[in-house]
Amino acid sequence: MPARIRLCASEQSIAGIFNEHIIMPPTYDPLSARTPGVGEPHMPSFWTATAGITPADDGIAPGIAETDVAIIGGGYTGLSCAWHLAQTYGIKPMVLEANRPGWGCSGRNGGFARAAIGRHSYARMIELWGADTARSVFRESLAAVQNVRDIVKECGMPEAGVETGHLKIAHRPGHAAALAAEADLLQREYGYAAEYFNADQVGEQHIGGTQSHGALRFADALAVHPLKFAHGLLTLARKAGAAVHSASPVLEWKKSGATHVLTTPQGSVRAKTVVLATNGYTPEHLHHCVQGTTLPLLSHIIVTRPMTATEKTGSGFRTSHVLTDTRNLLYYWRRLPDDRILFGGRGLITDTPDGHARQRDFLLAELKAKLPALRDISVDYDWWGWVCLTADFLPHIHRAADDSSVHYAMGYQGSGVAYAPYAGKLLAAVVAGDTCLSPALPVATPLPRFPLAGLRRIGQRAIYQWYRWRDGQD
Ligand SMILES: Cc1cc2nc3c(=O)[nH]c(=O)nc-3n(C[C@H](O)[C@H](O)[C@H](O)COP(=O)(O)OP(=O)(O)OC[C@H]3O[C@@H](n4cnc5c(N)ncnc54)[C@H](O)[C@@H]3O)c2cc1C
């Protein structure tokens, strides 16, 4: 394992060195590690290089502390829950973050804030739950996008989230008809004005290349600067009176009577209620209510150097929309304001230092296959993080079966930029006793356990093989 190297915010200019793979971050797998670290720096990325000044947090949690509500995890879920508890309900919670606010997925994602809850298609949602419930779930996903707009406005950082649209692009000709049918279904059953563009329309209005055979357009999406957005939530939470502690991992969790005792490296925090907001970074041992319920998967992002004028014309990359394709192991990409391209896709199965360089090269080759005009483009940044899958491909907002003072929200399936802050808001209302989520809503049910949970990584390998084969068909 390579040596751990810590960078403080002012040292992030050496991020370029990291991205040339001279410095590697430590390997880490939530299924086996006991903590994601203690006070680790943000992973160097395009976002850390452009986030500006990091707002203050409340530093390391005190050695002995008591609180009504402790929130474990300082990403969008935890910070949003903390903000709403303090702002709306006058409950001043204590957020315990192992590293620093936004260190997990929330500071390093692709920044696609789009209407998405789970991985089911709109047709499958109707089959699974009936039309009324499917429509409620879809409405919730739109409410989550609206919530992002509200947060961006509230924190006064318009650059943290810019209005755009989302295009789901047919990567092979055989997928275009399914997208056209999906647009019809969304209009007819969900009352949503989704649009279908044929290949010519996609090329003229949005993007050229070899894999643009039609697209489904959603008008509701924002292109987010994920770390600025996390910083915005941090500031809102603290202003409202929440305490947000960095470098404060919960190493052990015991119950003494009605009180939870959370052990940190400095001492312990005693809490009446605990919220788990750790998503893809949830250590297996942390609490029995989440054991065997999450499958953390690595997602990897590259950011290229800015495109030249010739490359812009040649690729026909004129859209500011956020883009995904129709693969099961999908790619996601967007043009950044300075004409760089952010391109992401599945990462390694296990986090090994030398594997990431291969993954970066693989993603660059896939980008060039889509847009051959970019044959000479190079990568300036690449990084990765753990997204969270669940056994039923849905996020869950619920509580421990045997302890109503333990709440959680997690399992965003790589689509939590909009839904995680919204789930944090819902969770705050539940924790404050203001509402019970309707049990008819599929997300308001307990996290299911994976069958043969001990074999999750083996299952992942098999599913990746199958998906790779499927993605090459039609
Ligand atoms: C590369 C990548 C690209 C992505 N792109 C997109 C995208 O474009 N659109 C989209 O919608 N979603 C995307 N996602 C997913 C999205 O970022 C997440 O769903 C969302 O940020 C989850 O937020 P969270 O607060 O629940 O979890 P996180 O932000 O992951 O926060 C969890 C935190 O818990 C902390 N923690 C864990 N254990 C402990 C402990 N024992 N004690 C204290 N703290 C602990 C971790 O340090 C971490 O900071 C992407 C994810 C990745 C990795």
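Read the numbers this way: they start at 1 and go in the same order the structure lists the ligands and their atoms. Along the sequence shown, the residues carry numbers beginning at 1.
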Of the side chain and backbone of [X], name the one, both, or neither that has a heavy atom under 4.0 Å from an atom of ligand 1.
{"X": "Pro283", "result": "side chain"}
{"X": "Tyr412", "result": "side chain"}
{"X": "Ser106", "result": "both"}
{"X": "Leu96", "result": "backbone"}
{"X": "Tyr332", "result": "side chain"}

Could you tell me which atoms of ligand 1, counted from 1 in the order shown, lie closer than 4.0 angstrom to a heavy atom of [X]?
{"X": "Gly104", "answer": "29 (O), 30 (O), 48 (C), 49 (O)"}
{"X": "Ile301", "answer": "1 (C), 3 (C)"}
{"X": "Gly110", "answer": "3 (C), 4 (C), 5 (N), 6 (C), 7 (C), 8 (O)"}
{"X": "Pro249", "answer": "42 (N), 43 (C)"}
{"X": "Gly385", "answer": "53 (C)"}
{"X": "Gly73", "answer": "33 (C), 34 (O), 35 (C), 44 (N)"}
{"X": "Asn99", "answer": "47 (O)"}
{"X": "Tyr76", "answer": "21 (O), 25 (O)"}

**Message:** The test is side-chain contact (heavy atoms from CB on, under 4.5 Å); show your working for His84 and Gln87 and say whether it passes.
**Reply:** CA-CA 5 Å; His84 287 285; Gln87 167 103 344; 5.6 Å; no
**Message:** Hydrogens and angles aside, do Thr273 and His407 bring a side-chain donor and acceptor to less than 3.5 Å of each other?
**Reply:** no
Any nitrogen or oxygen of [X], side chain or backbone, less than 3.5 Å from one on ligand 1?
{"X": "Val250", "answer": "yes"}
{"X": "Ala113", "answer": "no"}
{"X": "His300", "answer": "no"}
{"X": "Asn109", "answer": "yes"}
{"X": "Val417", "answer": "yes"}
{"X": "Gly414", "answer": "yes"}
{"X": "Thr278", "answer": "no"}
{"X": "Val387", "answer": "no"}
{"X": "Ala98", "answer": "yes"}
{"X": "Thr77", "answer": "yes"}

Do me a favour and list the nearest non-hydrogen protein atom to [atom] with residue, atom name and distance?
{"atom": "atom 1 (C) of ligand 1", "result": "Ser299 O, 3.4 Å"}
{"atom": "atom 48 (C) of ligand 1", "result": "Glu97 OE1, 3.5 Å"}
{"atom": "atom 27 (O) of ligand 1", "result": "Asn279 CB, 3.5 Å"}
{"atom": "atom 8 (O) of ligand 1", "result": "Phe112 N, 3.0 Å"}

Can you find a non-hydrogen atom of [X] under 4.0 Å from ligand 1?
{"X": "Trp103", "value": "yes"}
{"X": "Ala277", "value": "yes"}
{"X": "Gly344", "value": "no"}

**Item:** Those residues that, when tested against His398, pass ring pair (Phe, Tyr, Trp, His ring centres under 6.0 Å) (two or more places apart)
**Value:** none
Over 60° means perpendicular and under 30° means parallel, so classify the ring planes of [Y] and [X], tilted if in between.
{"X": "His120", "Y": "Phe393", "answer": "perpendicular"}
{"X": "Trp383", "Y": "Tyr381", "answer": "perpendicular"}
{"X": "Phe112", "Y": "Tyr332", "answer": "perpendicular"}
{"X": "Phe138", "Y": "Tyr122", "answer": "perpendicular"}

For [X] and [Y], which heavy atoms make the closest approach, and how far apart are they?
{"X": "Ala98", "Y": "Gly37", "value": "CB-O, 3.5 Å"}
{"X": "Gly78", "Y": "Val95", "value": "O-CG2, 4.3 Å"}
{"X": "Lys272", "Y": "His260", "value": "O-CD2, 3.5 Å"}
{"X": "Ala86", "Y": "Lys92", "value": "CB-CD, 4.4 Å"}
{"X": "Leu437", "Y": "Ala444", "value": "CB-CB, 3.6 Å"}

**Prompt:** Where the closest heavy atom to atom 16 (C) of ligand 1 is concerned, which of Ala33, Cys105, Ala247, Gly107 has it?
**Reply:**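 Among Ala33, Cys105, Ala247, Gly107, the closest heavy atom to atom 16 (C) of ligand 1 belongs to Cys105.
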**Trp47 and Asn109: CA distance, side-chain angles, deciding distance, side-chain contact (heavy atoms from CB on, under 4.5 Å) verdict** = CA-CA 9 Å; Trp47 305 128; Asn109 59 67; 5.5 Å; no
**Request:** Please step through salt bridge (charged side-chain N to carboxylate O under 4.0 Å, His left out) for the pair Asp403 and Arg399, ending with a clear verdict.
**Result:** CA-CA 7 Å; Asp403 190 339; Arg399 59 187 179 281; over 6 Å; no
**Item:** Within residues 226-235 or reaching into it, pairs that qualify as side chain to side chain donor-acceptor pair (under 3.5 Å) - sequence neighbours excluded
**Value:**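 Every candidate side chain to side chain donor-acceptor pair (under 3.5 Å) pair involving residues 226-235 fails, so no pair, neighbours aside, qualifies.
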**Message:** Aromatic contact between His321 and His206, with the criterion being ring centroids under 6.0 Å apart: yes or no?
**Reply:**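 Ring-ring flag for His321/His206: true, centres closer than 6.0 Å.
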**Ring-ring centroid check Tyr467 Tyr464, cutoff 6.0 Å** =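 Judged by ring-centre distance (under 6.0 Å), Tyr467 and Tyr464 do not meet the cut-off.
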**Main-chain N/O of Leu330 paired to Asp325 side chain as donor or acceptor, under 3.5 Å** =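 Looks like no, no N/O pair under 3.5 Å.
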